[in-house]
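Lettering of chains follows the sequences in order, A, B, ..., and the numbering in each one begins at 1. Every value quoted in this text rests on a predicted model; they were computed, and no experiment measured them.
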Amino acid sequence: MHDIRALRADPAAFDADLARRGIEPVSAKLLAWDEERRQAQTVLQEKQGRRKALAREIGTLKRSGGDSSDLEAEGLALRAEMEALEEEVDALGRESTALLANLPNRLDATVPDGPDESANVVQHEWGTKPTFTFTPKQHFELGEMLKQMDFATAAKLSGSRFVVLRGSIARLARALGQFMLDLHVTEHGYTETQVPVMVNDDAMYGTDKLPKFADQSFRTEDGRWLIPTAEVPLTASVSGDILEALALPLRMTALSQCFRSEAGAAGRDVRGMLRQHQFEKVEMVSVTIPEESDAEHERMTRCAEKVLEELNIPYRRVLLCAGDTGFGAAKTFDLEAWLPGQDAWREISSCSNTRDFQARRMNARYRPQAGAAPAFVHTLNGSGLAVGRTLIAVMENYQNEDGSITVPDVLRPYMGKIEKIS
RNA sequence: GGAGAGAUGGCCGAGUGGCUUAAGGCGCACGCUUGGAAAGCGUGUGUACGUUAAUAGCGUACCGAGGGUUCGAAUCCCUCUCUCUCCGCCA
């Protein structure tokens with residue numbers, strides 16, 4: 001959600017910012033509605049004041065046995081006028097909100113221009129791509145050879161874009177989740193959190209998944225949503241709060257199942273575990289004061305990178321361009337892991353600073369100093385990491401010619417000390 | 001799933017249509033008092049929007065949420081949400 005006051009102060013800058021995302025200018029329309037609404041509201045407030053005075057006079061008259069019929073008639077007439085005005089004020093507010101709720105966040109000045117992922121900018125690369133004396137296989141070939149990754153059974157149970165894992169691959173997935181969670185909790189200062197995977201409209205709206213992306217998520221029959229990411233419950237946990245400045249930053253992490261309908265992704269990544277309706281992810285969320293969110297963004301991205309470094313998986317950090325930056329983000333770094341089987345870099349994490357965009361939608365604030373007026377917090381979210389995709393990266397990078405998979409050192413404590421899956 | 005009771009400011013709590021401009025208490029802040037503190041006394045104490053140069057004033061709204069009745073609603077009516085108690089079911 002945008003600050004109408006910021007828009008009033010500099011409408012040209014507002015339109016110019018959104019133009020980078022290909023949005024038509026809207027400030028003139030919004031400002032006209034805003035002007036109209038404020039005028040109507042002022043008149044309405046005057047009438048409310050008159051109503052208050054009238055009611056008090058009538059009360060006093062009645063107690064002393066006087067005749068209040070003239071005043072009551074005025075009150076009745078006043079009510080009719082106010083109903084029309086109220087409707088006008090509400091309607092103008094609704095129209096503005098409906099438009100504003102569908103406008104993406106303003107971009108950080110450092111975000112490069114560009115229409116799509118082709119204009120993203122690689123910031124740095126880490127690690128050495130493994131060399132093989134054979135042609136490396138894709139993860140689903142390895143998984144099916146091991147008979148521990150079963151798409152056919154998942155299809156029988158649930159349909160396409162689901163998987164059944166068994167044996168050591170299932171354990172590897174569990175090990176990865178535990179390892180990541182432990183790393184963020186014990187070394188990165190995040191608070192381990194277990195969250196509901198079903199949430200209401202407010203939580204989805206506050207984290208900018210509604211109204212625009214309703215078709216990307218699954219809705220239950222009783223009107224709840226299966227979370228597309230633990231970002232939703234973690235971030236929305238501070239909705240409506242006024243936090244103490246001393247309590248910030250808040251750092252939370254959760255391992256959760258995530259559910260995405262993948263509408264519009266028909267035909268993309270249909271093979272394997274890369275794009276599923278259900279997957280596990282370790283999510284990090286930070287809530288900070290505005291002055292610190294840029295530093296927190298870098299810190300969070302480093303926390304995600306650390307997971308890949310500990311696992312010794314080559315990756316690169318990519319700064320998303322204007323056209324590829326998500327709806328709610330002011331700036332996003334993606335981490336892309338090297339997948340030898342695919343011979344490609346694939347997204348494995350996405351770390352975003354939404355600044356006060358989500359905080360406004362969910363009314364999450366803090367008090368800068370004792371006695372000072374509350375101000376909006378900044379919220380950040382990042383994957384640390386997507387477990388399913390990390391499983392793929394481990395399998396493809398650690399594969400051997402015979403189809404076995406060497407277990408990365410840091411995961412062996414979680415794998416009963418076994419060194420190889422075969 | 002069934003039956004019942006609730007939701008009032010940071011907290012406790014009064015309030016069954018106008019005398020409430022939400023009583024009273026606790027907490028907190030400031031002041032007086034004191035050698036210093038406690039006690040005591042006094043004053044203040046939320047959020048949003050509008051107006052404004054103003055985070056000063058002034059105005060309006062807000063008693064779980066949303067509707068309704070009324071000249072007037074914390075109070076009456078309807079719907080919903082959440083909490084608690086008992087019963088049933090259940091990992």
Side-chain angles (χ1 to χ4, degrees), chain A residues 1-10 30-98 100-101 194-206 210 219-225 233 236-247 257 289-291 356 358-377:
Chain A
M1 187 63 72
H2 294 280
D3 183 2
I4 192 78
R5 270 182 277 236
L7 197 155
R8 263 184 232 155
D10 196 346
L30 282 166
L31 287 179
W33 284 343
D34 183 50
E35 180 65 30
E36 214 181 320
R37 189 187 54 79
R38 278 148 63 208
Q39 279 177 9
Q41 186 181 340
T42 300
V43 178
L44 176 63
Q45 287 182 353
E46 282 164 8
K47 292 188 188 298
Q48 285 171 328
R50 178 62 188 150
R51 175 179 67 182
K52 211 185 211 178
L54 265 180
R56 205 168 300 162
E57 284 179 56
I58 292 169
T60 310
L61 264 178
K62 290 209 162 179
R63 252 173 282 128
S64 61
D67 175 24
S68 60
S69 52
D70 285 356
L71 295 181
E72 286 181 35
E74 187 188 343
L76 193 56
L78 193 61
R79 190 166 73 191
E81 294 169 34
M82 286 174 61
E83 269 170 24
L85 264 175
E86 264 171 38
E87 181 46 40
E88 188 186 347
V89 172
D90 288 352
L92 285 165
R94 273 197 305 274
E95 279 183 282
S96 298
T97 304
L100 283 168
Q194 286 200 12
V195 291
V197 298
M198 290 168 65
V199 299
N200 59 25
D201 286 349
D202 287 345
M204 290 287 277
Y205 177 84
L210 288 178
R219 189 165 166 84
T220 64
E221 272 190 11
D222 65 354
R224 279 180 259 262
W225 300 87
S237 68
V238 297
S239 68
D241 289 352
I242 300 178
L243 303 160
E244 290 305 322
L246 284 174
Q257 296 289 344
I289 64 173
E291 295 75 16
D356 64 0
Q358 294 179 328
R360 285 180 184 283
R361 291 170 89 95
M362 63 174 72
N363 198 26
R365 294 170 295 171
Y366 77 107
R367 204 175 291 283
Q369 290 97 31
F376 291 107
V377 295

With respect to the side chain of [X], which nucleotide from [options] is positioned closest?
{"X": "K52(A)", "options": "rC71(B), rG46(B), rU60(B)", "result": "rU60(B)"}
{"X": "R51(A)", "options": "rU21(B), rG50(B), rA61(B)", "result": "rA61(B)"}
{"X": "R79(A)", "options": "rU60(B), rG50(B), rC71(B)", "result": "rC71(B)"}
{"X": "L76(A)", "options": "rC71(B), rG50(B), rA48(B)", "result": "rC71(B)"}
{"X": "Q45(A)", "options": "rC71(B), rU47(B), rC49(B)", "result": "rC49(B)"}
{"X": "R365(A)", "options": "rU70(B), rU47(B), rC49(B)", "result": "rU47(B)"}

task = Please answer whether the main-chain N or O of M204(A) pairs with a side-chain N or O of D201(A) as donor and acceptor at a distance below 3.5 Å.
result =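 Side chain of D201(A) to backbone of M204(A): no pair is present.
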Using a strict cut-off of less than 4.0 Å between a Lys/Arg side-chain nitrogen and an Asp/Glu carboxylate oxygen, indicate whether [X] and [Y] qualify as a salt bridge.
{"X": "R51(A)", "Y": "E74(A)", "answer": "no"}
{"X": "R365(A)", "Y": "D241(A)", "answer": "no"}
{"X": "R37(A)", "Y": "E95(A)", "answer": "no"}

request  = Indicate whether OP1 or OP2 belonging to rU60(B) is found under 4.0 Å from a side-chain N or O atom of R50(A).
outcome  =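 Checking R50(A) against rU60(B): no side-chain N or O falls below 4.0 Å of OP1 or OP2.
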Once you round it to whole Å, what is the distance between [atom2] of [N] and [atom1] of [X]?
{"X": "D34(A)", "N": "rC49(B)", "atom1": "CG", "atom2": "P", "value": "12 Å"}
{"X": "L78(A)", "N": "rG72(B)", "atom1": "CG", "atom2": "P", "value": "9 Å"}
{"X": "Q48(A)", "N": "rU60(B)", "atom1": "CD", "atom2": "C1'", "value": "5 Å"}

